[in-house]
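Report on one structure; see the data block that follows.
Numbers restart at 1 for each chain; the letters A, B, ... are given by sequence-line order, proteins then strands. Since this is a predicted model, take the numbers as computed values, not measurements.
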Amino acid sequence: MDNTNENIETNSRIYEVGYLLVPTLSEENVPGVYSGLKDLVVGFGGEIISDEMPKMIPIAYSMLKVVQNVRNKFNTAYFGWIKFEISADKISEIKKKLDLDPNVIRFLILKTVRENTIAAKRFVHKDSRRKAPTVKKEGENETVLPIDKEEIDKEIDAMVSA
Amino acid sequence: MKQDYFSANNIKYIDYKDIEILKKFLNPNGKIMNHKRTGVTAKNQRQLAGAIKNARFLGLLPFVAK
């Protein structure tokens, strides 16, 4: 596909990191942590393709994180993600850094594709592929006239005699 | 759902962040539905299951719903 010009750096791959930040961060500190994560990727020679600002979400189940020997339970978190291209041997170093980050509850590194993968906004509505309306056959609604045998006989006789 | 949802909507890569789509394939307990119920092709069903599991890990979807 369009990989030919990207293979200058032979081992580079597309990755995505999804992460949850601790909800104890105040709103104004989130952009700082977010740009810190982006700088981390760029610092290892990564090229950011797309990303999303972390935003507060309720998480589906409570998660634990031990910080300085204290168990912290969280039911909300800031969820954000970064998609980037980086050489394959650098990704493990990013993982090591994220493992030590006190602001990250969890993160997930995935291999992905360059194209935008979020499809929710461009839905084809189911009804758009609706069945073709059934065409009514013409003449179907005409009521069939009752046949009068005597009338027909007379007509035939008239035609024969003519 | 008889036809494959993902090919009908031209989705080539099933993203774990698209929880609105993924939720359609969970039963009320939060389990992944059988491919016989979803009508999704085998390939997409595998991708779907992976995406749901990734979303669960990041707390976007539940492992079990009450």
Side-chain angles (χ1 to χ4, degrees), chain A residues 1 14-23 49-65 72-83 95 98 104-131, chain B:
Chain A
M1 288 185 231
I14 314 283
Y15 292 97
E16 182 176 323
V17 175
Y19 53 87
L20 294 172
L21 299 177
V22 289
I49 296 167
S50 56
D51 58 338
E52 197 173 278
M53 212 28 209
K55 60 171 186 247
M56 189 65 109
I57 56 157
I59 51 182
Y61 51 95
S62 60
M63 292 182 186
L64 281 177
K65 182 179 171 68
N72 294 295
K73 224 177 187 184
F74 302 112
N75 288 310
T76 54
Y78 293 98
F79 172 71
W81 55 270
I82 313 173
K83 192 190 266 192
K95 183 182 176 297
L98 285 173
V104 177
I105 304 175
R106 277 187 190 183
F107 65 93
L108 180 67
I109 300 174
L110 290 172
K111 273 191 250 176
T112 183
V113 290
R114 184 177 283 273
E115 292 76 36
N116 182 24
T117 50
I118 297 181
K121 270 128 206 165
R122 49 176 173 82
F123 265 139
V124 182
H125 204 266
K126 260 194 171 175
D127 290 347
S128 64
R129 298 183 297 106
R130 191 180 265 166
K131 287 176 251 162
Chain B
M1 282 186 256
K2 271 187 187 162
Q3 230 206 337
D4 184 315
Y5 178 85
F6 297 101
S7 43
N9 288 296
N10 197 22
I11 296 168
K12 294 209 179 76
Y13 185 93
I14 303 174
D15 197 311
Y16 73 97
K17 298 188 294 296
D18 267 336
I19 51 171
E20 291 308 312
I21 293 176
L22 300 182
K23 270 182 190 165
K24 293 179 203 285
F25 300 98
L26 296 179
N27 78 3
N29 286 325
K31 289 179 160 188
I32 302 171
M33 288 200 298
N34 191 327
H35 85 278
K36 283 178 185 167
R37 286 189 63 106
T38 60
V40 167
T41 59
K43 185 180 177 183
N44 281 338
Q45 179 80 13
R46 291 195 298 272
Q47 243 196 78
L48 170 70
I52 290 174
K53 287 168 188 176
N54 286 339
R56 280 176 179 166
F57 174 74
L58 284 174
L60 306 178
L61 291 176
F63 281 98
V64 277
K66 287 154 223 163

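Of the atoms belonging to A/Glu52, not a single heavy atom falls under 4.5 Å from chain B. Neither the backbone nor the side chain of A/Ser62 has a heavy atom closer than 4.5 Å to any heavy atom of chain B. In this structure, the portion of B/Leu61 lying under 4.5 Å from any heavy atom of chain A is its backbone and not its side chain. Contacts between A/Ile105 and chain B at a heavy-atom distance below 4.5 Å are absent for every atom of the residue. Contact of A/Phe79 with chain B is made through the side chain alone, with heavy-atom distances under 4.5 Å.
A distance below 6.0 Å separates the ring centres of B/Tyr5 and B/Phe25.
Listed for the B/Asn29 side chain is no donor-acceptor partner under 3.5 Å among the backbone atoms of B/Lys31. Remark: the backbone N or O of A/Leu110 is not paired with any side-chain donor or acceptor of A/Glu16 at under 3.5 angstrom.
For the atom pair B/Lys24 NZ and B/Asp18 CG, the distance stands at 10.5 Å (nearest 0.5 Å).
Relative to the ring axis of B/Phe57, A/Arg106 places its NZ or CZ within 45° and under 6.0 Å from the centre.
Ranked by non-hydrogen atom pairs under 4.5 Å with chain A, the options B/Asp15, B/Val64, B/Leu58 are led by B/Leu58.
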